[in-house]
Amino acid sequence: MTVLNLLDQLNPEQRQAVESDAQHLLVLAGAGSGKTRVLTHRIAWLIAAGLASPYSVLAVTFTNKAAREMRGRIEELLETPSHGFWIGTFHGLAHRLLKAHHETAKLPANFQVMDSDDQLRLIKRILSEMNISDERVQPKQVQWFINQQKDEGRRAQYVTSHGDWYQDTLKDIYVRYEELCQRSGLVDFGELLLRAHELWLENPELLAHYQQRFTHLLVDEFQDINTIQYAWLQVLAGNKLSMTIVGDDDQSIYGWRGAKVETIQTFEHDFPGTHIVRLEQNYRSTAAILDAANAVIANNPARLGKNLWTEGERGDPIRLYAAFNEQDEARFTADEIQRLIDGGTNPNDIAILYRSNAQSRVLEEALIHSQIPYRIYGGQRFYERLEIRNSVAYLRLILNRQDDAALERIINVPTRGIGNKTVETLRVVARDQGCSLWQAGLFAIENSVLTKRAANALEDFMLLIADLEEAITDLDELGKMVKTVNEASGLIEFHEKEKGEKGRARVENLQELVSAVQSFAGNDEADTPMALLGQFLGEASLDAGDRQADEFEDSINLMTLHSAKGLEFDQVFLVGLEEGLFPHKMSMNDPGGLQEERRLAYVGITRARHQLTLTYAESRRLFGSETFNSVSRFVREIPGELLSEVRLRSSVSRPVSFGLQQDMAIDHAGLSLGQRVRHPMFGEGTLLNAEGGGAQARVQVSFDDGSERWLMVQYAKLEGL
DNA sequence: TTCCAGATATTTTTT
DNA sequence: ATATCTGGAA
């Protein structure tokens, strides 16, 4: 593709951004305004115009998926393979740097990345070691604290304590945690970033090398950046590199993970000479959808301000379906999707979005029932499954005996007579000697610290690991190596014995791991199969395993709103629009949280190209008990004329002026949804719904005899209980 | 030490 | 509803 062709496909603003020769460029890009397009075209343009080489460009994203997509698009544009490019997530790039300079970073060559589950285990272990009951200090809290500190770029020694016990304890735990990680050669997600940052600061020559190499730094989704990530970028950029950052403050949805929206605002000051381009023309959605999105997000104060517009058509109104309960909601959604597919819509262009993963279950059931193929993003990730983590732990321990997290995980899986007591003894030894659990094991056997039986079991285990290592060292394929480990460790057998569907699924997953490993290419740095295995393990913990979804047949898409960011679909079903669920009750109390929820709603709405369908359930079985939530405020923030209510089993829809009716009816009766009521004739029941106001007010009651009735409030003489 | 049953806690989003 | 933890029996 020539330089000219590259620019041809762009509108004036996009073009301005792509060709900008300002030293720094900030692109404020609304949803669907061609943000990624600008970024990829800019990279392609820089290279095609000879301003940069593939080796001098560093592009950073937040998700692996985004990184892969960007890579693919650039390859398409430039019509060349993109091996030379550094494109990746912050974590992925940090990992790559630390691997390359592990000595400088004071890490063992085979250091491993710990995911949050490993992290939590380690913390629990520290708590018990320090004799802190997990009632006084909750492990989750500690984990949150440590991650937060790392996101802020703060090492344990810099944690300020103002003499309060809780804070001091957290600090002590953090100190101990760092010690143990360092000794085991483990790094958590935050550590990757923190170390990569320190790598720059402490090694000016190294930094200079990279500053010389890279001429252009590009960052996607800049609104999601946290303190340490920004610091890392700033140091790298120095005052020489050219920065291009792209973002949308209205789509900042990772505040809970330490992302700072403000950074996008201060960027201008931190990098003088920044040219700002706004992309406000939307190419994705119909006007109706855009209007709805704009109306919702307008309720947030302190925005940078943007107004999306489109030249496209008005489109159908947004459909709203009030489901009776979550089953009904799922059934409705499945039926509608079936209709769309029958009508010729490609299933790939349909998505169901929800706030939290727990909601997917009912939807899945309904889809299975209707035999609609679906793929599900996120949720239980492949590499987070128990059996996969066990298998990976074996591999990790084979590669690195100091990996305490891996050892603890599988020392008694499958059960082999090494119980809590033995492990506890090992921990004590490890602490006294300041060594790893593996070394503690050696010590314990030599010095007969353990009972005969325990020592035997332990020795068997240690021999097993040694044998496994020997067995796989000479194998030439990763697949064979993993297969061998799965079988010889007894994992396959262990899970086969598990009863029911579960066991079979686990064995299948283990086989799936073998093929995943088999197709892992790695890069040329690994010269032996063992080294390649190490590389695979390193990347696996950073990999959500979301690739698997792409390989299946045409299917509709299920995902959380968070994972939907950056994607678009012709048909979007946004389900579970209830107060407490979305906005989530955890976020409802603080204004910042609520605003983030609203941005999440904005993200959700703007995923839709042609049509958006919103649903909510008047009653929902949640955590085992029935809950009654009113419709989400976000629905009420959409102007009534943009909405049309869908009635069950009827294609007729009518405009709805939403919000007031229900509330009035209820106010009038002095009752509330979900309340228990008594009727003189029908007995007791639960208030399900209400409509109309004043003399016309009617309520729907589900009576305990199983009947459901609409009653006029005026005449029904309902008694609240 | 293992296994099982029953109690108990835990409900957001992800690299 | 589910996963995780705990305690007690085998």
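- For T560(A) and dT14(B), the shortest distance from a side-chain N or O to OP1 or OP2 is below 4.0 Å.
- No donor-acceptor contact under 3.5 Å links the side chain of R257(A) to the base of dT13(B).
- In this structure, the CG atom of L561(A) is 10 Å from the P atom of dT14(B), given to the nearest Å.
- When heavy atoms are screened at a 4.0 angstrom cut-off, R599(A) is found touching no nucleic acid atom at all.
- No engagement by L193(A) is indicated, since no non-hydrogen atom pair under 4.0 Å with the nucleic acid exists.
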Item checked: From CA spacing to verdict: side-chain contact (heavy atoms from CB on, under 4.5 Å), I556(A), L558(A) -> CA-CA 7 Å; I556(A) 69 151; L558(A) 266 71; 3.8 Å; yes

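- Counting only heavy atoms from C-beta on, H584(A) has its side chain closest to dT11(B) among dC5(C), dT1(B), dT11(B).
- In this structure, E262(A) CD and D249(A) CG are separated by 10.5 Å, a value rounded to the nearest 0.5 Å.
- Of the candidate nucleotides dT12(B), dT2(C), dT15(B), dT15(B) has the atom nearest to the side chain of H91(A).
- Taking a 6.0 Å sphere around CZ of R361(A), one finds it holds 12 or fewer heavy atoms contributed by other residues, nucleotides or ligands.
- Closest contact between the side chain of H562(A) and the listed nucleotides dT10(B), dT13(B), dT1(B) involves dT13(B).
- Following rounding to the nearest Å, Q143(A) (CD) and dT14(B) (P) show an atom-to-atom distance of 15 Å.
- Annotation: Y230(A) is not in aromatic contact with W232(A) [ring centroid separation under 6.0 Å not met].
- Between N147(A) and K140(A), it is K140(A) whose nearest contact on DNA chain B lies nearer the 5' terminus.
- If you measure from atom CD of E221(A) to atom P of dT15(B), you get 12 Å, rounded to the nearest angstrom.
- Taking the six-membered ring wherever Trp is involved, the centroid distance between the rings of F90(A) and H197(A) does not fall below 6.0 Å.
- D115(A) comes within contact range of no nucleotide atom at all, as no heavy-atom separation falls under 4.0 Å.
- Closest to the side chain of T415(A), from the set dT15(B), dT1(B), dC3(B), is dC3(B).
- The K124(A) side chain lies nearest to dC5(C) when the options are dT13(B), dT15(B), dC5(C).
- Counting any heavy atom pair closer than 4.0 Å across all strands shown, Y254(A) reaches sugar-phosphate atoms only and no base atom.
- For S563(A), counting side-chain heavy atoms from C-beta on, the closest listed nucleotide (dT14(B), dT1(B), dT13(B)) is dT14(B).
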